[in-house]
Structure formats: C-alpha cells, structure tokens
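Report on one structure; see the data block that follows.
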Amino acid sequence: MEGEIQNFQNHDPFKESEDNRMEGVVHIRVQQRTGRKSLTTIQGIDDRFDKKKILRVCRKEFCCNGTLVEHDEYGEVVQLQGDVREGAVKFLIENNLATNEKIKVHGF
C-alpha cells in the first residue's frame, strides 16, 4: 500500500521500553539550583565505558567538580557543577562515546 498513513501502524511511540529508557540515547540536562548555580547531568552512557574515568576527565576538562550518582530508574548518572552542556556534547562526540544523532540536550 503506497499511501499508508503512519498513524494507523501498530507502533506506539509513547510506550516505554522494558528498562524505562531509550537504548543508546545519551541525555544531557541542566537543573537550576539556587540563583546562578546549576547542575549538568549526563545519563545513558553505554555500560562498556568506565564512567569514573569519564567523570575524572570531564572534571579536568571543564574545571568543575562532579560526582557519579546511582539512580533507580536511569542507572549511573554523571553530575557536573555548572552549565557545561555544549562542552559535554563536544566531549562525547570527540571521544567517540556517542554520536551526534544519539545525544539529546534538554534544558532552558
């Protein structure tokens, strides 16, 4: 059928996967704290990479502090102080940790 309408397919885009996250997609978010302070979180980095080493390099690269947080729903999440979204995207692409198509940037 040539003129098949996409809305009538059996695919539900809002249905959650088994582990409540999109596979292979890296989410970079910024969260406002108090005043000018903010946090940048990076979630969805593949498990084959050592997140402690990534955190160590990010802290040196962006001149900020950070930590690795274990989240029930999202797994290990990298938290960095400040708004370093653009730098994080560049870092992930340059070090082949994720492709540009697999990175989603959220925030204001």
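Remember, predicted model here, so these are calculated numbers, not experimental data. One is the number of the first residue; the rest follow in order along the sequence.
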Under 4.5 Å between side-chain heavy atoms, hopping through other hydrophobics if needed: is there a path connecting Leu80 to Ile54?
yes
The test is side-chain contact (heavy atoms from CB on, under 4.5 Å); show your working for Val26 and Leu97 and say whether it passes.
CA-CA 9 Å; Val26 177; Leu97 299 174; over 6 Å; no
Let's go through Ile45 and Ile42 carefully: what are the C-alpha distance in whole Å and the side-chain angles of both, what is the deciding distance for side-chain contact (heavy atoms from CB on, under 4.5 Å) to 0.1 Å, and is it a yes or a no?
CA-CA 8 Å; Ile45 298 174; Ile42 305 171; 3.7 Å; yes
Residue from Lys104, Gln43, Glu101 passing side-chain contact (heavy atoms from CB on, under 4.5 Å) with Val25:
Lys104
Donor-acceptor pair, Glu61 side chain versus Cys64 backbone, under 3.5 Å?
no
Only one of Arg29, His27, His106 clears side-chain contact (heavy atoms from CB on, under 4.5 Å) with Thr41; which?
Arg29
Tell me, with the steps shown, if Asp50 and Lys52 meet salt bridge (charged side-chain N to carboxylate O under 4.0 Å, His left out).
CA-CA 6 Å; Asp50 187 7; Lys52 287 184 180 180; over 6 Å; no
Using side-chain heavy atoms (C-beta onward) and a distance below 4.5 Å, is Thr40 in contact with Asp83?
yes
How about Ile93 and Ile103: do any of their side-chain heavy atoms sit closer than 4.5 Å?
yes
Are Val69 and Val84 in one and the same hydrophobic cluster, where Ile, Leu, Val, Met, Phe, Trp and Tyr link if side-chain heavy atoms are under 4.5 Å apart?
no
Using the rule given for side-chain contact (heavy atoms from CB on, under 4.5 Å), can you reason through Phe91 versus Val57, listing the C-alpha separation, both sets of side-chain angles and the distance that settles it, and then say yes or no?
CA-CA 10 Å; Phe91 172 80; Val57 173; 3.5 Å; yes
If you define the side chain from C-beta out and look only at heavy atoms, does anything of Val77 sit under 4.5 Å from Leu68?
no
Given side-chain contact (heavy atoms from CB on, under 4.5 Å), test Val30 with Arg85 step by step and report yes or no.
CA-CA 7 Å; Val30 66; Arg85 287 176 291 178; 3.6 Å; yes
For a 4.5 angstrom cut-off between non-hydrogen side-chain atoms, does Leu39 reach Gln79?
yes
